[in-house]
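Ligands are counted one by one from 1 in listed order, and the atoms in each one are counted from 1 as well.
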Amino acid sequence: MPLLSGKVLFEKANESGFAVGAFNFNNMEFLKAILEAAEEEEAPVFLQTTESALRYAGIEFLAGMVHAVKDEFRVPFALHLDHGRSLDTVLLAIRHGYTSVMIDLSDRPYEENLEITRKVVSLCAPLGISVEAELGRLVGIEDNVESEEELLVDPEQAKEFALRTGVDALAPAIGTAHGAFKFKGEARLDFERLRKVKELTNMPLVLHGASGVYYEYVNEINTFGGEIKDAKGVPDEDVRRAVELGINKVNTDTDLRLAFVATLRRIMSEEKGNIDPRKFFKPAMEEVKEIVKRRIRLYGSSGMASLFL
Ligand code: PH4
Ligand code: ZN
């Protein structure tokens, strides 16, 4: 299956009422784990890189790996720029064969976000590249904000933004946050707000900051020398509900990091005489593959590759 435009993935998911898993990668180990998991689950996926991934590994390596292996896999996938912060990064991604981009100017004034997003759409649409944008802001407990409410998406504004920009997908802030520390107490997602955004836009929606931050990995990390206290993620039932209410792409990065690091910490402490990194990385990569499969099943996208034949 060729590398597809994100447009195709977004449209099929929206039509059929499931979410495509979007997984971040910064190296070969994560990319291989994600693709193998998708293949085993027969699920479409977004392979995505942020600007910090590009600073870490270089776009030539990250995009180069995807283009080099794309014909080895049968499942449909898109190469997506996650949280692109400028027109320059979008242009860089276009030059490197990305099939989907996110332009994230959610921390800028509304009109500025709108104008630049419009420009990105006018560049990407003729090339068949999908565009995702964000409205409202994602904040974690580290950000110390006084009023979370005013950072959440305004559904009427989402409708206007979608019409005026022509974006293919919208990421509405409904209370999630990036990283392993998402909530102080119980998880609180604003489902009513999500329902309203879907009703008013009827377009593909994206959930960022959706990791489950599973206890078993947090516990393993803490047991083998790590220190991550008060970690908290989005419960599986909340992710399921968000998909039922119209989320069509779910971003997951932290869960993959936790799986990888937990396994590394355990094996490094068990095999003190080993200096071959492959002996650490291989099982860590396998664990990333397991968590990707688990998340794909949660999003209802297992078996959905057949829709693209
Ligand atoms: N993302 C991933 C953001 C990763 O700069 P960086 O590479 O560290 O950024 O867009 C998510 O929405 C991931 O959500 P999660 O943290 O809940 O997995
Ligand atoms: Zn995100």
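- With atom 17 (O) of ligand 1 as the reference point, the heavy atom nearest to it among H80, H208, K182 is part of K182.
- Salt-bridge check for R195 with E199: passed, with a basic side-chain N closer than 4.0 Å to an acidic carboxylate O.
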Q: Please test F61 against Y56 for ring-ring contact (aromatic ring centres under 6.0 Å, His included), starting from the C-alpha separation and ending with a verdict.
A: CA-CA 10 Å; F61 275 89; Y56 172 71; over 10 Å; no

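- Atom numbering of ligand 1 starts at 1 in the shown order; those under 4.0 Å from a heavy atom of S211 are 15 (P), 17 (O), 18 (O).
- Put simply, CG on N26 and CZ on R55 are 11.0 Å apart, with the number rounded to the nearest 0.5 Å.
- Near T252, meaning under 4.0 Å from one of its heavy atoms, ligand 1 places the atoms 18 (O).
- Atom CG of residue L105 and atom CD1 of residue I103 lie 4.0 Å apart, to the nearest 0.5 angstrom.
- Closest protein heavy atom to atom 4 (C) of ligand 1: D253 OD2, 3.3 Å.
- The closest heavy-atom contact to atom 13 (C) of ligand 1, among the options H178, R257, E134, R55, comes from H178.
- From H208, atom NE2 reaches atom CD1 of I174 across 11.5 Å, with rounding to the nearest 0.5 Å.
- Taking the Zn ion (ligand 2) as reference, the nearest N/O/S atom within H83 carries the name NE2.
- In this structure, F161 and Y110 have tilted ring planes: the angle between them lies in the 30° to 60° band.
- Of the heavy atoms in A180, none comes closer than 4.0 Å to ligand 1.
- Scanning the protein heavy atoms around atom 3 (C) of ligand 1, the nearest turns out to be D82 OD2, 3.8 Å.
- Exactly one of V120, V206, V167 qualifies for a side-chain contact (heavy atoms from CB on, under 4.5 Å) with E132. That residue is V206.
- Between E156 and K159, no side-chain nitrogen of the basic residue sits less than 4.0 Å from a carboxylate oxygen of the acidic one, so the salt-bridge criterion is not met.
- The pair R74-E39 meets the salt-bridge criterion, with a side-chain N (NZ, NE, NH1 or NH2) lying under 4.0 Å from an Asp/Glu carboxylate O.
- Note that the CZ atom of F23 and the CD atom of Q48 stand 9.0 Å from one another [nearest 0.5 Å].
- Residue-to-ligand polar distances keep A53 apart from ligand 1: every N/O pair is separated by 3.5 Å or more.
- Some N or O of S52 is nearer than 3.5 Å to an N or O of ligand 1, by distance alone.
- At a 4.0 Å heavy-atom cut-off, ligand 1 touches H83 through the side chain alone.
- Taking only nitrogen or oxygen atoms, main chain and side chain alike, N26 does not reach within less than 3.5 Å of ligand 1.
- Annotation for ligand 1: atoms under 4.0 Å from non-hydrogen atoms of G179 are 16 (O).
- Ranking protein heavy atoms by distance to atom 9 (O) of ligand 1, first place goes to T50 CG2, 3.6 Å.
- With respect to atom 16 (O) of ligand 1, the closest heavy atom belonging to the protein is T254 OG1, 2.6 Å.
- Salt bridge status for E36 with K32: present, with a side-chain N to carboxylate O gap under 4.0 Å.
- When NE2 of H178 and ND1 of H208 are joined through the Zn ion (ligand 2), the resulting angle is 130° to the nearest 10°.
- Within ligand 1, counting atoms from 1 as listed, the ones closer than 4.0 Å to a heavy atom of N24 are 2 (C).
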